[in-house]
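Both counts, for ligands and for their atoms, begin at 1 and track the order of listing.
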Amino acid sequence: MNGSETRAGAAVPEAARPRKPRYRVEVKRVERLTPRMVRVTFGGEELSGFTWSGPASHVKLFFESNRPGAPATQPERPTTRTYTPRRFDPVSREIDVDFVIHGEGPASSWAAQAAAGQTLTLAGPGRSYSVDSAADWYVLIGDDTAVPAICTILESLPPSTRALVFVEVVDAAEEHALDAGTESAEIRWLRRGPDARHAGRELEAAVRTLELPAGAGRVYVACEADAMRRIRRHLLVERQLPREQLVTRGYWRLGETDHPDRDYGEDVG
Ligand SMILES: Cc1cc2nc3c(=O)[nH]c(=O)nc-3n(C[C@H](O)[C@H](O)[C@H](O)COP(=O)(O)OP(=O)(O)OC[C@H]3O[C@@H](n4cnc5c(N)ncnc54)[C@H](O)[C@@H]3O)c2cc1C
């Protein structure tokens, strides 16, 4: 079992899982947070039925082909991608999603052209991460796709909990204010450069030289799936970190479209 996630959830194949509620939403605002990160604010009356499930949760976004002449998406196999709700406001019925613009891909391409008034379907939320408020410390490790998850975890920690955060981005222009109650958090930005084949390399190097604080803490890792496995193996096998202190998530995989949303790396360590 992977940290606070349940074994039952991880074992259920996608087709057998209960269908998540779906909401038709409209783009209310688009904000460029950095050259490669876009915040899209979705809103709509239907979101009165949406519930916030907690930090590092996810929603599914359904993308419709808008290329002229492209074959219609088969209704039973829509193009979906997985994203973290960064913020949900039940009063204004708005959800923020922060998209990394990484290049080719239905979600990245859609986010790069997103504009107010466009509509799409959103389903969720999925299960969230259970914060242990008694933990002595947190170490949060992720690439740019995990910034929303990391921010929602930081916002859920007791104010006095010490948090050390490693975020890997392409370059200095991607480093931005996290705006997530980070007063007691130490943020370390790592730059990997533009070559996606190097994804996770700086995170792995940082973890290998990291001296974990004393006491019983929690480590959360979310990044490219192979890099996540290398980091997981290092922590569990070489460092002998107790399994219950670690949660790892593969958020995308180099060369693979639509990486599964439940890649916990349990084949390692
Ligand atoms: C639980 C969960 C939460 C997530 N939350 C977020 C979030 O909040 N924000 C966010 O931006 N992403 C998030 N992701 C990651 C996102 O789902 C993937 O990056 C997804 O593959 C993007 O879809 P796409 O259509 O753009 O590319 P795809 O069609 O899936 O992939 C096309 C190509 O692009 C590559 N690729 C995909 N993502 C990246 C990347 N980030 N950098 C470089 N190359 C890439 C693939 O390897 C593939 O070769 C999350 C994933 C999970 C599982």
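Closest non-hydrogen pair, G250 versus M228, comes out as N-CE, 3.4 Å.
Assignment of R253 to the shell around ligand 1 is supported, since a heavy atom sits closer than 4.0 Å.
By heavy-atom distance, the residue among Y129, W110, W252 lying nearest atom 19 (O) of ligand 1 is W252. The residue from R81, R262, H58 that puts a heavy atom closest to atom 29 (O) of ligand 1 is R81.
Nearest protein neighbour of atom 16 (C) of ligand 1, counting heavy atoms only, is T82 O, 3.6 Å. The single protein non-hydrogen atom nearest to atom 52 (C) of ligand 1 is Y251 CD1, 3.5 Å, given as residue, atom name and distance. Taking atom 8 (O) of ligand 1 as the reference point, the nearest protein heavy-atom neighbour is T84 N, 3.2 Å. Distance from atom 33 (C) of ligand 1 to its nearest protein heavy atom, with residue and atom name: E104 O, 3.7 Å. Atom 46 (C) of ligand 1 has its closest protein heavy atom at E256 O, 3.2 Å. Protein heavy atom at the shortest distance from atom 26 (O) of ligand 1 is H102 NE2, 2.7 Å. In terms of protein heavy-atom proximity, atom 41 (N) of ligand 1 is nearest to T145 CG2, 3.2 Å. With respect to atom 9 (N) of ligand 1, the closest heavy atom belonging to the protein is D98 O, 2.9 Å.
Note on ring orientation: taking the six-membered ring where Trp is involved, the planes of W110 and F99 are tilted (angle from 30° to 60°).
At a 3.5 angstrom cut-off on N or O pairs, V100 counts as close to ligand 1.
For ligand 1 and D258, the ligand atoms under 4.0 Å from any heavy atom of the residue are 28 (P), 30 (O). Per-residue contacts place G255 under 4.0 angstrom from the following atoms of ligand 1 (heavy atoms of the residue considered): 47 (O), 49 (O). Taking every heavy atom of P148 and a limit of under 4.0 angstrom, the matching atoms of ligand 1 come to 8 (O).
Side-chain polar atoms of W252 and D258 form no donor-acceptor pair below 3.5 angstrom. For the 3.5 Å distance criterion, the side chains of R24 and T119 qualify, holding a donor opposite an acceptor. Checking T248 against R232 by side-chain atom types alone, a donor-acceptor pair falls below 3.5 Å.
For the pair S53 (side chain) and G126 (backbone), a donor-acceptor distance under 3.5 Å is present. Judged by distance alone, the side chain of E174 and the main-chain N or O of R36 form a donor-acceptor pair under 3.5 Å.
With D96 as the partner, the salt bridge (Lys or Arg N to Asp or Glu O under 4.0 Å) test is satisfied by one option alone out of R87, K28, R86: R87.
When ring centroids are compared, Y138 and Y220 stay outside the 6.0 Å threshold.
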